[in-house]
Every structure is written in structure tokens, then in C-alpha cells.
Amino acid sequence: MADFFFGLPVVVQAVVKGLAVILFIFPVAAACSMAERKVSAWIQRRPGPNRSIPPFLVGIPGTRFLQRLGLWQLMADGGKFVFKEEPLPDHVHRVYYTLAPVIAMVPAFTTVTVVPFGAYLDPHGGVVPLVLANVDIGILAVFAVASLGIYSLILAGWASNSKYPFLGGVRASAQLISYELSMTLSVLPVFLWVNEPGSSGSLSLARVVAFQSGTSGWGGAWFLFTMPVSALIFAVALFAETNRQPFDMPESEADLVGGFHTEYGAFKWSLFFVAEYANMIVGSAVFSLLFLGGWNLLPWLPLATLMEGLHHVTGWAFWLHPLAVGLVSIAIFVAKVLATIFVFMWVRWTVPRFRYDQVMRIGWQKLLPLSIANLIAYAVGIYFLQG
Amino acid sequence: MAVIQVQRKTLTLVERAYLPQIFGGMLTTIKHFLRPAETMEYPEERPAIPPGYRGVPTLVMDPHGREKCVSCQLCEFVCPPKAIRIVPGSVAAGAGVDHVEKAPQAFDIDMLRCIYCGLCEEVCPEEAIVLQTQYSTSGYSRAELVNHKDRLYELGGTLPDKHFKWDVKKAAEERAGGRH
Amino acid sequence: MIQPATSDLITVTIDGREVSVPKGTNMIEAARRVGVDVPHYCYHSKLSVVGNCRMCLVETGMPAVDPATKAPVIDPATGKQRVNWGPRPAIACATNAMPGLHVRTTSPLVKDCREGVMEFLLVNHPLDCPICDQAGECKLQEQSAGYGRGYSRYIEQKNVKPKRTLLGPRVMLDDERCILCSRCIRFCKEIAKDDVLGFTDRGSYTTLTCYPGRRLEGNYSLNTVDICPVGALTSTDFRFKMRVWFLKQTPSIDAESSAGANTLLWSREGVVYRITPRQNDAVNDTWMADSGRALYKAIRGDGRLDCARVNGAESALDLAVKAAAELLLRGGAAVVGSGRSSVEEQFLTRKLAVALKAKAWLVSRVGEGDRILVSADRNPNVRGALVTGLVDALPSGRLDALGALIDSGSVTSVVSMGEDLAAAGLSAAQLARVSVIYLGTHANATSAAAKVVISTLTVFEKHGTFINQQFRIQRFARAVPGPAGATDDLVALSRLLGAVGRPIATADVGALWTAIASEVPALAMMSYGNIPDTGLQVDGTPWAGLPFAEGPGLHYSPAAPAGKEASRG
């Protein structure tokens, strides 16, 4: 099947991959939105949405559980976004106003393609990452493309031709600039360490995972433990980049009504929404790859060792089949991503929103110096370590 | 001076770092996350109505089925939002309660105006208007939310009576036997 | 103010305050002058004193004098003459002023007395307050707040008496509530001169009844309801209609006759519920006739005009006024004013007549006077028409002269200020010959025949003044708003004046009075605001020689012998 796929023209491959991304990210982002509502409800000791159910499903076993989980609510919401009236305010710049949510989607989906999401073992026992586009610049591609997403917010804020959205857009751009630096500086030590002197340099995320797949020594330990400060800075910057609470300055409904999306409604608004969750998913994935060992189950227990161990214990050759390895690796990776997403939500419903000046102060006066110091410290440390 | 200067507490380094507070907060929220929900799922679950609850104002009958209200209009007078409207009238002869002389011809309580303060119940000299346990009022039109006399008696039902004031009065009248 | 001769004044001391009162004043009235309220039930300032309720018990005393030397005994503690207080309390209503009399109304003994009297009065009084119409204006309720016990010591069976006795067509008696003050009996005997009420039986069984074969059905029966201090006598008309604490009181004037009894209109939310007399010692004391109390029913009565009409079709006021002016400006106009219009309206009616160069007519309405408060002239304001100069002679009951002018063709349009021309003697043919402009409240043959109808307000819906038989100018105020399509008479008249080319500056009563005061000699120096609630005497000497219809009445005696029916006809 793989041969058949790779035999297809490149254009068709690209279309299939793109469709795969859309068909995957859209439902997952939607599910995240429901998860968000449920998590917030449970944190606040509420049941959350648990009422909607299509009348024809009432009484069928199992639907009750899905109803309590809010699944039908999710579908109803999705349906509503598609079918409700599309308002187009009089005072907006129509072209850019319509363009902004589309632009929000593009980087969100594009970054997905360069994120490895699993691995299989080739016949020689080598680990081959599963990724839609295994580009060598990896992390740079993620950063570069993800940053483009901010244009949609600025564009939305400007095209809305209204005060609150405009302020939201301005805040979004300022926030992005403030935290992008720290974020990039915080991951540099990771790549300093991964790219040993003499090896061909690579910014590929798969390579970072490969580095964390060692069975002993520094290599097997996850970067979360060897570089906690980097991980923290990256996490905080990630919150800011994805405009998640406590950093959702562009939206900030308490003081900006709805920020950049004040003038948006219906499907356009839902695109912003999906883009936000897609960014969150990609951010979580990158965090898992960089600091949580990717598809490795535990520190010093890499995927290959795990599968061979399973094969050894159970005696089933099936465990070494690429499909099994792929599924297990994807499961481990997805579990980590979901856990990270849960932390995102957990923080959102715990910490109140910062003031705008606090956001700026944290970004420039705290995180940036900290990340520079962190970089220098690790650069020196790695110099001595790798000699 | 009425102004008291309070020195702001200086924060320690740990406090200024803010992270311990965040993690402390996350610990709190995860505890709540793991506990069961407090929510009462309303139409299926109903709250227990405590004694003395002030629900929808209703008109009640005494155990002998006589309407207690004599339309003295004190509730109409005391009602702060002017939700009560009474048209007083006399009791028709021959109903067996004509010694009471007075009864409301019409008695309307506008539930869109009512504020459930209970002053009507407090002021009623006949203990005829009572705020009972009914708390859910809804309707599709304004007119529907004006409780008329029939509806008020339907909501109110019968409550026990300690005095039977008017029955005592009637008995005395019969004992006197026309002689006075 | 001229000081009365001092010899008629007697100084008494009430609660330590000295007050000079005319000889013969009782202590309730004297105390009232210094602002001290002595509670009472049976006493009424306009009725004889019987002293049977005992509520007004006060302590009295006289200054102490040395029996031997007749020298005042000075109390060394205060340096003033000592007072020898009487051993027993006395009823204030039957204690007349004596020189040097001292009265205590707040002493513990007096309070004790009042509490004792209240307890006895309440022994058999039913707990009817929730259903009793008197609640809210009940003296028993008021005093029980101050001197009531709050609980009953009476363990025996309460007396049971008839609850619903019809004494007359308008008065219902609840015997249980009666406290036997006998005010009603005295009223009938002394004021209405219709002695029908009395007590039968004895002790607790005492009952108020009519004399055998008689009923309380005189035209003054409802005054017994007014003066009843409790809810024993109730009006069948007002019974169970509305609690008095909801009712707004508006001072007004009884428009049924030229006696001009002062009244109070009791209304709530635009609805008049009853009319009661208002005290005016120069006109009606505290009484009024039953007939005047039913007049409010006309407000919502049948045939109320509720919109302006031109040729029978509903019309806007502007168009009606324009149509009327067109008819009037053709020449040959006549104006029929009304003795029921207010002084202000008559003033404007005269202006309209002058503007149209038309003769002004008036229709008299003469009935039989009852020598009390219904005078023979059933127009409340004929003297207003004389004073304002609308007419200069007394009107006749029929408009035959106007009819003759119509027949001759010299009158082609008639403005009627609410007068039914058909009832005043114009035939249907005559009405058909002229263009009638009718400004009135209720439909009648004239409004049906009128080319232009402008609906106006009743006396209960507008401000104004009447001049009664005594040439006393008295104000009435608006108690309720008029119906939606009705226009204030003054507004209608001023619009008409404007349309015929003589605009006036204002249609507001208060502002109109500047013009009235400057143009009407008898009303000079007056303004609407400075007429007191009890009215102001107008100098009527210029019209003293006219043969007015009224016979003698309460506070009125005609200058010339009445009943000159022959002189007008």
C-alpha cells in the first residue's frame, strides 16, 4: 500500500496528505473544544454539557454515555456554525475580513505536516519516523510557519475596522514578537546538544526524538529533566504563542469584548476557533517531541527496546511488525500530546488572565534574560560535555 | 483622618517568581477536578424546599372549603411592586357563608411584577394569602403570567385553620337565634 | 383683622397653654385651637351635645383661692397660682369655657379613662375591620391604636346583632359595629328635620332603628354615613367598592344647584368612587345632599361624547374647530351659554359672543329648593354669568325668543355650551334650520342635530370656579382625567376664539385669571391661586335687585322674597 501511495504523482500525494491533515485536525480540534468545556466543568464541579441528544437516538444503549460526554452537543455546535447566518458587518474591509480566518487555518494546518507523530522499525531495526513532510529544517519550519498565524489576527483586527478588534490585533503582534525570541532561544540548547560536533547538523524534530531514545546516560533522559529551564520557558512561550490563557491578550473578552474576533460570527469565527486548537495541538506535539521523548514510553526505555522487550516477553513476532510498532508509537505519542493539551486546559481554568503590561514585562524582563542565560549556561556545559 | 495608610507587604523571591502560586492553584483545581460535580440537574432533581420558603403567592381555603379572603385589599396596599389587583365584592346570599359578607370578585397577582417579598402574607388578617412552595413560574405570554382567582385557589389548595373565626361567629349568631 | 370685643373671650388653660375662646366654647373646640386632640365619638361640632360616649373625659380644675381672703394661693415651688384639680374627670364636650378653667388632657388619669372607655366600647364590637368599609377612616380604629388594649379580657360570648339592616335605600346598618353615639339620630332630628331614627332595647341590646313604618330615605340620609364614627352605617353605593386608603381626595363643588356645597371627590386611578361633603362653615357646614353624591356616575354614564364630530363623522379637534368657525363667520350667530359652565368658561363664552357680535343666551333650570342644601336654581353658576357679563338679566327656562329669531332667519348658527336646545324649547324644525355647534359632555337631541360636536369635560375632570347663591366664588379641581377624545372646555373655546380671529393667549385656568381680574370688575384683585379652599365672597350688590329663584337655605336667606316664578317665564 505504501508503495502504491509513493507511486502516485507528487501532486496527488500532496492533496491526499492535505486532506488527511484536515480530516484529522478538524475533528480533533473540535473534540478539544468539547474537552475544554468538560475540563472546565469538572474543575468547577459541574457536569458540563450533557443534555443534547438527537431524538432518534434516545434510548439506544451507549448513547446515554455519549450524551453525558457532550458528544451530541459538539455535533450540534458544529452544525450550528455551518448553518447559522453569516454576518458581514457594514463597516469592515470585506476582502481581508473574509481572508483572515482562512489565513488563520493555513499555518495551523501546515505546521502539522512537519511534525513527526510516530515511528516504525525498518528491517534493520532502525527507527524510521512517521511524518508527512520530513524536512531537515524541522523546528525552524514550525516556528516560521506558525508565526505566520499571527497575521490572521492582525488582519482580522484591522479589517474589522473597529476599536476592540484593532487593539486585539495590536496586542497579538506585540505578544508574538515578545515571546517568539524566548521560545527560539529556549530550544537552541536542545539542538546544540543533539547536533554533536562533527555530525551533519539537522534541526529535524525526529532527530531530537532519536537523541532521547538512548538506553542509558544523557541520551536516554528526556530533555524535560536535563533542561527543565528550557522546558519551562518553552512552555510559557507556547502558552503566549497560542494565545491561551493566561496570555490570551488578543481575545481578552473582559476588556476587549472579544478582541480580534469581536466582529466575527458563525463559520468564520469557528475557523479562528479551530485554528487556535490546531495551534495548541501542534504546540503540544512539538513540546512532546522536544522535551517528553516523543514516542518513547519512558526515559531510557525507547520504542525499539520496548517493542523488542514485548516480543521477548510474549513471544509474538507480531510486535516487531512495522504496523504494530507504528500504532504503539502513535498511541504513546498521542497520549503525551493529549496530556500536554490537558495541562493547557488545566492552566487555563486555574490561572487568571495577566494584564497586558504584565505580559510584556514577563516576556521582555523575565523570560528573555532567563532564556539567554540558559542558552549560555548550556552552551558552556555542552562544550565541556561534548568536548 | 479617615484614611489609613497600609504598607503593602513585600513579596519574597518565591512569591515573585509566581510559579509556586500557579502550581499551588493547579493543585487546588485538580483536586476539584477529581471530585464529583455539585450541580443539581434541575428538572430531574428537585431541591428540598425548606420551611418558611417564599414561593408563588396563593390563595387558600379553610378546611371547610370556604375561601378565606375577604378582599380587605391590605395586600394590594402593602404590595411594593403593585402586583396585586383586587376587585372587592359581596358574598352572594344563600351560599352558607353570606355572614362573611365580603369576598373578592376578582383577584389577580401579576407574577411578572411579584418580588416574592411575602409582605402580603404577613399583612393578611385572614391568613388567606400564603407564599407556598411553588417556585417555578413560566408562560408564553404576559397574560399567562397573571394569576387569576381560580388559578390562585388551585395553587393554594386548603390549609389547616387554627381559628375558624367566621364559623365561630356564625355559631354565635345561631345561638343567639335572632334574639339580640 | 378687627379684634372682637374682649368681653366675649374667656381664657382657659389647656395642658398648660392659655387660649382665649368665645364664651360657650366647649373644651374639645378649645383644645383644637391649641392643637390638642381630644378623642371623641358622639360629639360633632355641628350637632347638639349629648355626652354619651364618654371618650372625651378630661381632668378639669380651677385656680385655688384662699376661702377666707379670696386671695390666690401661690404654689411656692413654681411661684404660680395653684390649681385645685377636680376629683373626677369631666367630659370635654359638655364642659364650656369658664374663666380660669384648667384642663389636662394628657394626665395618667385621662389616659386611664380613655383606655377604660375603649375597652367597654370594644366589648361587643366585632373584629370586622378586614371587611368593614370604615376601616381606614374609623375613629374606633384610630383611638384603639392609642388607647386600645391589644387583647381582650372579655371571656363571655360577644353580643350578636343584625349585620345587614337596610335603614333606607342608600344606608345599610350593621348593628354590631354601632357604638350608640347617636350622631345619626341627632343629625336627622336637627339638620335634616326628618326625625326617623331612634334606639330601641336596653343595655348591650340597644339597637338603632327607624321609627315604625318609616325609612331613612330623605335626601340627606348619607350624611349619617359620613358622621358615623364607626362602620355601623354604610352607603349602599360605596359599600365594598374600594378601601378608602387607596382613594385620592380632590376638593370640588357640588354642581347640582346654586347652593354650591363643598365636596371631596374620592378617586383612584382615574375612577371616582364617591363624593362626600367638605367642611365649609359659610356654605354647607359638613353636609351635602344625597342627590349630589351620585353625580359622579355621569362621568362613565351612557351617551358620553368621546370625540369631536363634524356632520356626524368623527373628526380631529382642529378640523371640528375650523368647520365651526366657518359656520359661525357666515354671520347671524347666537351663543347659548350655560349656568353649568365655570366662571372661566363663561368669560370665554362672552368673548366668543363679542367676537361673533352675537347675543348670548342662558337657560335657567329651576326646581324646588329643600331649604337646606339644594336650592331652587339647579344651575350652579348663573351668578357667574352675571358677574362675567355673559348675560345681564336672569335667564328664562325656555329659548322661545331665540326660536323666534331662528324662524325669522336672522340667526343661522348657534353655539351651545352643553345646553340641550331642544329641551329648552327649540323645535326640531328650528334646530334643522340653523347650524348648531355643540360643546358638551353627553349626547342629547341637540348634539344629534349639531353640525359640529366638540366633546368636553365634566366638572370632575377640569379646574374652574363657580359662584354660588351667596355670590361666593369657589374653586373645584380636577379629580380624574377626561376620556381620550374629550377637550377641556377652555381649550375648545380658546381654539374657537382663535379660529374666528380673536385669539387669546392662554387656555390655562391660572393664566386666564389675569385677564379675568383685569376685565371683570367684581373679580378684580383675585387670582385662581388666591381663592381659598372655602371660597371667597364676591360683591353681589350690582345684582341685588334681580329676582333670584332661590329660597332660604342653610346659611342663605334671599334678599328679596323668593318664588317670583311669574316674573320670568
- What distance separates C:Met242 CE from B:Ser71 OG, expressed to the nearest 0.5 Å? 9.5 Å
- Task: Measure C:Lys158 against the heavy atoms of chain B and call it side chain, backbone, both or neither at under 4.5 Å.
- Result: neither
- Message: Determine whether a donor-acceptor pair (N or O, by modelled atom type, separation under 3.5 Å) exists between the side chain of C:Arg243 and the backbone of B:Cys72.
- Response: yes
- Query: Which atom pair, heavy atoms only, marks the closest approach of B:Phe77 to C:Trp245?
  - Reply: CD1-CD1, 3.2 Å
- Closest contact, heavy atoms only, B:Val70 versus C:Ile131: CB-CG2, 3.3 Å
Hey, can you pull the donor-acceptor pairs under 3.5 Å for the side chains in residues 117-127 of chain B, sequence neighbours left out?
unit_1, atom_1, unit_2, atom_2, d
B:Glu121, OE1, B:Leu131, N, 2.9
B:Glu126, OE1, B:Trp166, NE1, 2.9
B:Glu126, OE2, B:Lys165, NZ, 2.9

- Stepwise, does the salt bridge (charged side-chain N to carboxylate O under 4.0 Å, His left out) test hold for B:Lys169 with C:Glu176? CA-CA 12 Å; B:Lys169 175 137 191 159; C:Glu176 283 186 347; 2.6 Å; yes
- Task: Indicate the atoms forming the closest heavy-atom contact of B:Val91 with C:Arg164, along with that distance.
- Result: O-NH1, 4.5 Å
- B:Glu76 versus chain C, heavy atoms under 4.5 Å apart: side chain, backbone, both or neither? both
- Message: Holding to side chain to side chain donor-acceptor pair (under 3.5 Å), I want the full list of residues that pass it with C:Ser291, two or more places apart in sequence or in another chain.
- Response: C:Asn219, C:Glu256
- Query: Heavy-atom count around C:Arg149 CZ within 6.0 Å, excluding the residue itself: above 12?
  - Reply: yes
- Message: Can you confirm whether more than 12 heavy atoms, excluding those of B:Arg46, are under 6.0 Å from its CZ atom?
- Response: yes
- Closest approach of C:Phe240 to B:Glu101 (non-hydrogen atoms, all atoms of both residues): CE1-O, 3.5 Å
- Message: Can you tell me which portion of C:Asp174 sits under 4.5 Å from chain B's heavy atoms? Options are side chain, backbone, both or neither.
- Response: side chain
- Item | B:Arg35, CZ atom: more than 12 neighbouring heavy atoms under 6.0 Å | yes
